[in-house]
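In what follows, a single structure is set out as structure tokens and then discussed.
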2 protein chains.
Amino acid sequence: MPHTPTTRRAPDRGRSLLGPALELVHTGRAPTRSALTAALGVTRATAGAVAGELAALGLVTVDQHPIGSSRGRPSHRLDLAPDGPVVLAAQLHADGLTVALAGLGGSLGEPVRHPLPARTDPASVIGAIAEAGAELIRADHRRCLGAALALPNPVREPEGTAPAALTFGWPGDTPAAALFAAAMAAQDLGPRARRPLPTAVANDANLAALAEHRHGAGRDARHLLLVTSGHRGVGGALVVDGRLHTGSAGLALEVGHLTVDPLGRPCPCGNRGCLNVETDPAALLAAAGRPSDPTGQLLDQARELTRTADRDPAARAAVHQVVDRLALGLAGLANILNPDRIVLAGLHRDLLAAAPDRLPEAVIRHSLWGRCDQVPIAASALAHGGLVGAAELAWGPYLADPQGVAG
Amino acid sequence: MPHTPTTRRAPDRGRSLLGPALELVHTGRAPTRSALTAALGVTRATAGAVAGELAALGLVTVDQHPIGSSRGRPSHRLDLAPDGPVVLAAQLHADGLTVALAGLGGSLGEPVRHPLPARTDPASVIGAIAEAGAELIRADHRRCLGAALALPNPVREPEGTAPAALTFGWPGDTPAAALFAAAMAAQDLGPRARRPLPTAVANDANLAALAEHRHGAGRDARHLLLVTSGHRGVGGALVVDGRLHTGSAGLALEVGHLTVDPLGRPCPCGNRGCLNVETDPAALLAAAGRPSDPTGQLLDQARELTRTADRDPAARAAVHQVVDRLALGLAGLANILNPDRIVLAGLHRDLLAAAPDRLPEAVIRHSLWGRCDQVPIAASALAHGGLVGAAELAWGPYLADPQGVAG
DNA sequence: TCACTTTGTGCCGCTCCTAAACAAAATACG
DNA sequence: CGTATTTTGTTTAGGAGCGGCACAAAGTGA
């Protein structure tokens, strides 16, 4: 029975309310001090002390000027400090890269989009991201406490490698996290950024799910399933009890190869009728008999198609076919995961908009024991879910222990 | 912004080490006081106090007589008190009911099996279970602190109803939890049982997964997927970070309708080739061309078949076919859930024993990016997983707050 | 203006836990 | 066989977090 020396200190169990309190303000669930008191389930005295400490850390402002209320003494408002610290959120797309600064509360600065560099090897792409991010950090007057990057491919945990970065043909097990950390470390971040700047890398669908759960269409859902379709296949993500379920290696929710049509189109995986090839932009265009320009913007073309479904019979039929396939996949996932909310993003969001009744009805029909009849299927509410989610990832350590911002 | 009164007390944050400490002893991870110190990450003084408190509660004995060790002063042994309290574990099968008393540590008394009562309506069956359980409780000299029942059908949370108890043709939404609570309350439990006796009801596959995670083949797995096949279809369960994922309504992991053969046998759900109908006892017997006696013990016949696979070519071919289907289903689940261990029970356990290489290889072949090549597929290690799991469920509140045993 | 309600604040005390120093019980080595 | 070393148990003091309480403050409603 070998075990570590002896007296090892735990990361102080104390100060346990500070993290939950900041998270409540961060997610907008504690707009006033009395709401914080109730949500934490502590006495007013304790909540006051906690709020004061968050204010002392420069994260929160306690506004004496009240907000119109019902009866009794109005409670002080709790707002996130406008000049509080920020984090860098970055996202890599198939056709570009985006960076933005983000404060607490899911607030995102204006995203800045850059084209991909000429060379698309891992180091060049990630280096370009770091450069664009550093520019943003230097130009801002607020303190930058971390950076996170959303990637359009799986990210293996805890190594932070990309086992199958198909978009750019990166080699297997590309050390994305290490590359990003090194690239950020090599940048000039100006005088106000934390050195070394903590960095993190994760899959974009996972981050979008986290973002929707905290700030979007998944608020107050216990188990949130997000499904999205973009340029390259279908992505899924699951939030369980408020925390991302990324699986034991970070590879969970690879939902693209659920069978939704046994006689369907062949998939590179060897099977037929995978969700990936039946509900992606190319599938929708093919179902409508449209020539899918291989060099063009398939996603944009497919989105446009969903918008013409109300007047174009061929488009409508195509939407219905793909929606039915998608419903089968969602029902299968619901049978396994039993979420209490499903959020659709990317092309799937547009499909839901084009068939707002047919899709939920089909999901309910295919799920067992009506386990979906109470499950709302919602459209994603965030325009930049990946970026907001990256911000959440970067904020993570500070939400767990707000004292960290003082380090 | 309506919220509850004001000064509401949280369930004391203090005494936070008592629960984790008992859980460590309970799962065998802290056989000595110094192991407890290390596992809790606290000082020796604190661990000593905690151990003393557990001893004072009558749950643990601190044995001064040491166990042979390496160097230095030998640490005191921590054992579960032999005459400590017990809970009642009960399980309903398709062809009978089983009850047993269980102490901490996953120890199970001799299970007592009873036939089903003549009438199989919910109240009669659950009443018979309660009666058999009460007999056990009265006859034992230890204090009984709770009771839990494993049912072979889904259990909706938090209502505790059975939406589809196909086995006995119970009506939908049978209030199983309420019936069990009432049935136990109506029993004479002798002088030592807690009154009222806390009761709980859950699905047997879920409980078996919990049991395997704590005391069986799933120990020190982070995310454990259990798949089993019994008399009635395929059951699945998932343990995430040590806690059961039962979904938002308790209906998660209904894996029986994953498609594993697009051209396979028809399933009552309307599709073809569901895991349910392709990997259950009847499917195995059919694949071997055996007449499946509909009134007989399909499960036992199928199990026997797997044992003849090494000398009977027809049996081997049947096993291989079903194993391949099962592997497809497991790979699909692994793609979604990314567990770090898979445990097979019921008939699937026998299939693994009959094809110990073919099954893992096929799972790896069908999973993406080799996410399964490090995932052990193990046979269930507990003969009575459902009962052990029911005991875990009944112990749950006391593991969370050992002070509760003094109530 | 006077209840009444709701919220903020200061103070005390309790509980849990760490730190530090010391005592105890074994092994390793002369 | 005795002593040094190692590992563990125990005692004590002290600190941090949080509840309880009493009181003050700031509104609404009659």
Side-chain angles (χ1 to χ4, degrees), chain A residues 1-21 30-56 60-78 401-403, chain B residues 1-21 30-56 60-78 401-403:
Chain A
M1 166 89 15
H3 52 256
T4 43
T6 87
T7 313
R8 202 192 52 210
R9 279 203 52 175
D12 259 20
R13 247 172 303 283
R15 207 78 58 150
S16 63
L17 290 177
L18 216 51
T32 68
R33 240 195 58 173
S34 85
L36 182 68
T37 304
L40 286 176
V42 299
T43 60
R44 292 194 301 272
T46 304
V50 168
E53 200 150 355
L54 290 179
V60 161
T61 60
V62 183
D63 192 346
Q64 304 268 351
H65 298 285
I67 181 173
S69 77
S70 52
R71 270 171 58 157
R73 174 176 176 176
S75 187
H76 294 175
R77 286 180 51 189
L78 291 180
D401 176 19
Q403 308 249 62
Chain B
M1 164 95 9
H3 52 258
T4 43
T6 88
T7 313
R8 203 191 52 207
R9 278 202 54 175
D12 260 20
R13 247 171 301 284
R15 207 77 59 150
S16 64
L17 290 177
L18 217 51
T32 67
R33 238 194 61 171
S34 84
L36 182 68
T37 303
L40 286 177
V42 299
T43 60
R44 292 195 301 273
T46 304
V50 167
E53 200 152 354
L54 290 179
V60 161
T61 60
V62 182
D63 192 346
Q64 304 267 350
H65 298 287
I67 182 173
S69 76
S70 51
R71 269 172 60 156
R73 175 176 176 175
S75 187
H76 294 176
R77 285 180 50 188
L78 291 180
D401 177 18
Q403 307 248 63

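Side chains included, hydrogens not; waters and symmetry mates left out as well; all remaining heavy atoms used.
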Exercise. Can you measure from OG (A:Ser16) to CG (A:Asp401) and round to the nearest 0.5 angstrom?
Key: 11.0 Å

Self-check item: Protein-nucleotide distance (A:His76, atom NE2; D:dG27, atom P), rounded to Å
Solution: 9 Å

Quiz item: Roughly, in whole Å, what's the span from CG in B:Leu36 to P in C:dC17?
Solution: 12 Å

Quiz item: Which value, rounded to the nearest 0.5 Å, describes the distance between A:His76 atom NE2 and A:Leu36 atom CG?
Solution: 13.0 Å

Practice problem: Answer yes or no: does a side-chain N or O of B:Arg44 lie under 4.0 Å from OP1 or OP2 of D:dT10? | Solution: no

Exercise. Using a cut-off of strictly less than 4.0 Å, decide whether A:Thr43 has a side-chain nitrogen or oxygen near OP1 or OP2 of D:dG19.
Key: yes

Practice problem: Assess whether one donor atom and one acceptor atom, taken from the side chain of B:Arg73 and the base of D:dT8, lie less than 3.5 Å apart. | Solution: yes

Quiz item: Expressed in angstrom and rounded to an integer, what is the separation of A:Gln64 atom CD from D:dA26 atom C1'?
Solution: 11 Å

Quiz item: Out of D:dG19, D:dG29, D:dG9, which nucleotide sits closest to the side chain of A:Thr46?
Solution: D:dG19

Quiz item: How long is the span from the CG atom in A:Leu78 to the CG atom in A:Asp63, to the nearest 0.5 Å?
Solution: 9.5 Å

Quiz item: If only side-chain N and O atoms of B:Arg33 are considered, is one of them under 4.0 Å from the OP1 or OP2 phosphate oxygen of D:dT10?
Solution: yes

Self-check item: Out of C:dT18, D:dT10, D:dC18, whichever nucleotide has its closest atom nearest the side chain of A:Ser16
Solution: D:dC18

Exercise. Could you tell me the separation between the CD atom of A:Gln403 and the C1' atom of D:dA16, rounded to a whole number of Å?
Key: 11 Å

Quiz prompt | Nucleotide C:dT7, atom C1' - distance to CG of A:Asp63 in whole Å | solution = 15 Å

Self-check item: Interatomic distance, A:Leu18 atom CG to A:Leu54 atom CG [nearest 0.5 angstrom]
Solution: 4.5 Å

Self-check item: N/O (side chain, A:Ser75) to phosphate O (OP1/OP2, C:dG8) under 4.0 Å
Solution: yes

Self-check item: Distance, rounded to the nearest Å, where A:Arg71 contributes CZ and D:dT28 contributes P
Solution: 11 Å

Self-check item: Distance in Å, B:Leu40 CG paired with B:Thr46 OG1, rounded so as to fall on 0.5 Å steps
Solution: 9.0 Å

Quiz prompt | Residue A:Leu17, side-chain heavy atoms: nucleotide from C:dG10, C:dA19, D:dC18 that is nearest | solution = D:dC18

